[in-house]
Amino acid sequence: MERRKSGNGNKKNEASSSVFWDGLRAELEEAREGNLYRSLRVAGSGSGLLNFSDNDYLGLAHDPRIVQAFELASHQYGVGAGASRLISGTSLLHEQLEKGIAEFKKTERALVFGSGYLANLGAVSALVSEKDLIVIDKLNHASIIDAARLSGATLRAYPHKNLSRLEAILRKSKDFRRRLIITDSVFSMDGDLAPLRELAEIKNAHDAILMVDEAHGIGVFGKSGRGVGEYLDVEDEIDISMGTLSKAVGAMGGFVAGPRELIEYLVNFSRPFIFATALPPPVMAACLESFHIIESAPKLRMRLWGNVREVKQVLLELGFKLGETVSPILPVLTGDEKKALELSRALSDEGIFVPAIRYPTVGKGKARLRLTVSARHTEPDLQRLFTALRRVRKLL
Ligand SMILES: *Cc1c(COP(=O)(O)O)cnc(C)c1O
């Protein structure tokens, strides 16, 4: 594509702008050649594709009760919040949801952010800075890494679930002011769980703070759906709990839950909270309804896990490699980026949407299909998936 030259005839500007655009084009070309190019694809309602890719684990995003709560609130409260909550006052629904989340998580308080990404950014960048240390698992979500970078704290990563390396880092870092260990509870691209009990013991032994990202745990794990903390019975040991409202909760937003002082501190010092407009009140109403359902409907969770068991068994029977997943996230490992793309395309030709996951979401040469199962999938849905999987298996 030819770029028009800038009008003022300034040679120097022309040169610098062509360096700019040529640079972008070259990087895109490089991504294409490495099978790492990404583009947006229409899926979901109206696309004709059966979706096995999202994190709507309980099927609540389309639940009529939640849609109705959203609709009613939109008539009463309008669609936009108008400004950040410290500027324009907070809506009753934001207050109610935060109270509801705190009760649900059995913490003193909770604070809602614009997304899960922003909740991590908002909590971590406020709580630690140059004098402090953040220690993370190498496979933690990108939002935690970005949060750590924004905070200015020193960041150290230990190899996936390698606790002796974590301990070695903690032994050698006593001079930092604050030390924060952060982990995903369910690893989002592998579907395995963090050893939260052992992490809690380590953080106690070294007087560090433990923050757990329950993005894929909420609604899915634990008898009441409170997450992996509940499932492993270590909730009391988690100092800071973070979750999203965009996965099993089915809507949009993120939250941080913990002691009163933590939330007070974030309201005062968390820039992604202070300087961003609040989420629309109807979204808060939808989430409130969703938490009621999550708490009171173990049947939905049972259906989800029934589906997970069935799909996992068929995938293994067909010879797909799944890694160590114990969650509704079923990574079909290909290693090769091109192969992952081919499998994803072939499934799409069969009417099934499962995305190829490549670098930098996972390491180079660790490509995979990320297949997720939901309570909303019916038995005929699963049969359609199995038929498609049998047809594409030869591409492996
Ligand atoms: C998805 C995800 C987030 C970000 O949440 P959003 O609500 O999508 O912004 C944070 N952490 C983990 C582990 C996630 O999987």
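The structure displayed is predicted, hence computed values, not measured ones. Basis for what follows: all heavy atoms, side chains included, without hydrogens, waters or symmetry-related copies.
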Shortest non-hydrogen separation from [X] to [Y] and the atoms involved:
{"X": "Arg179", "Y": "Leu170", "value": "NH1-O, 2.6 Å"}
{"X": "Ser151", "Y": "Val124", "value": "CB-O, 3.8 Å"}
{"X": "Leu93", "Y": "Ala285", "value": "CD1-CB, 4.0 Å"}
{"X": "Ser241", "Y": "Glu214", "value": "OG-CG, 4.4 Å"}
{"X": "Asp233", "Y": "Arg197", "value": "O-NH2, 2.6 Å"}
{"X": "Ser327", "Y": "Gly191", "value": "OG-O, 3.0 Å"}

Decide yes or no for [X] and [Y]: does some side-chain heavy atom of the first lie under 4.5 Å from some side-chain heavy atom of the second?
{"X": "Val220", "Y": "Arg301", "answer": "no"}
{"X": "Lys247", "Y": "Asp56", "answer": "no"}
{"X": "Ile218", "Y": "Phe255", "answer": "yes"}
{"X": "Ser84", "Y": "Thr277", "answer": "no"}
{"X": "Ser224", "Y": "Glu230", "answer": "yes"}
{"X": "Leu347", "Y": "Leu389", "answer": "yes"}
{"X": "Asp146", "Y": "Arg149", "answer": "yes"}
{"X": "Ile240", "Y": "Leu127", "answer": "yes"}

Worksheet item: Backbone N or O of Lys161 within a donor-acceptor pair of the Asp137 side chain at under 3.5 Å?
Response: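 Here the side-chain-to-backbone pair exists.
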Practice prompt. Keeping the roles fixed (side chain from Asn307, backbone from Ser374), state whether a donor-acceptor pair exists under 3.5 Å.
Written response: yes
Measuring from [X]:[atom1] to [Y]:[atom2], what's the distance to the nearest 0.5 Å?
{"X": "Asp336", "Y": "Arg358", "atom1": "CG", "atom2": "CZ", "answer": "11.5 Å"}
{"X": "Leu322", "Y": "Ile329", "atom1": "CG", "atom2": "CD1", "answer": "12.5 Å"}
{"X": "Leu199", "Y": "Ile181", "atom1": "CG", "atom2": "CD1", "answer": "6.5 Å"}
{"X": "Leu111", "Y": "Leu262", "atom1": "CG", "atom2": "CG", "answer": "8.5 Å"}
{"X": "Phe104", "Y": "Cys287", "atom1": "CZ", "atom2": "SG", "answer": "12.0 Å"}

Worksheet item: Going by atom types only, do His141 and Tyr117 share a side-chain donor-acceptor pair under 3.5 Å?
Response: no
Item to complete: Would you kindly say whether Asp175 and Ser173 are connected by a side-chain donor-acceptor distance under 3.5 Å?
Response: no
Worksheet item: Charged N to carboxylate O under 4.0 angstrom, Arg384 versus Asp381?
Response: no
Worksheet item: Do NZ/NE/NH1/NH2 and the carboxylate oxygens of Glu98 and Arg85 come within less than 4.0 Å?
Response: yes
Discussion item. In terms of relative ring orientation, are Tyr57 and His216 parallel, tilted or perpendicular, with 30° and 60° separating the classes?
Written reply: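 Perpendicular.
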Worksheet item: Is Arg165 close enough and on-axis enough to Tyr158, meaning under 6.0 Å and within 45°, for cation-pi?
Response: no
Worksheet item: In terms of heavy-atom contacts, does CZ of Arg177 have more than 12 from other residues, nucleotides or ligands at under 6.0 Å?
Response: yes
Worksheet item: Counting heavy atoms not belonging to Glu324, are there more than 12 under 6.0 Å from its CD?
Response: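 At most 12 heavy atoms, drawn from other residues, nucleotides or ligands, come within 6.0 Å of this atom.
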Item to complete: For the pair Glu235 and Lys106, evaluate salt bridge (Lys or Arg N to Asp or Glu O under 4.0 Å) and give the outcome as yes or no after the intermediate values.
Response: CA-CA 9 Å; Glu235 282 170 294; Lys106 299 187 183 299; over 6 Å; no
Discussion item. Is the distance between the ring centroids of His160 and Phe187 under 6.0 Å?
Written reply: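 Yes, ring centres under 6.0 Å apart.
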Worksheet item: Going through the checks in order, is the side chain to side chain contact (heavy atoms under 4.5 Å, CB included) test met by Ile134 and Phe176?
Response: CA-CA 10 Å; Ile134 298 173; Phe176 286 94; over 6 Å; no
Worksheet item: Should Met252 and Leu245 be marked as a side chain to side chain contact (heavy atoms under 4.5 Å, CB included) after you check the CA-CA gap, both sets of side-chain angles, and the distance that decides it?
Response: CA-CA 5 Å; Met252 177 77 200; Leu245 304 170; 6.0 Å; no
Worksheet item: After noting the C-alpha distance and the side-chain angles of Glu342 and Lys339, does the key distance pass the salt bridge (Lys or Arg N to Asp or Glu O under 4.0 Å) rule?
Response: CA-CA 5 Å; Glu342 281 169 5; Lys339 193 149 274 177; over 6 Å; no
Worksheet item: Do Arg368 and Asp190 pass the salt bridge (Lys or Arg N to Asp or Glu O under 4.0 Å) test, and can you show the C-alpha distance, the side-chain angles, and the key distance before you say yes or no?
Response: CA-CA 10 Å; Arg368 65 201 60 187; Asp190 291 76; 3.1 Å; yes
Discussion item. Side chain to side chain contact (heavy atoms under 4.5 Å, CB included) for Leu121 and Phe113? Distances and angles first, verdict last.
Written reply: CA-CA 10 Å; Leu121 227 58; Phe113 289 80; over 6 Å; no
Worksheet item: Could you walk me through whether Glu33 and Glu29 pass the side chain to side chain contact (heavy atoms under 4.5 Å, CB included) check?
Response: CA-CA 6 Å; Glu33 280 166 10; Glu29 195 43 47; 3.5 Å; yes
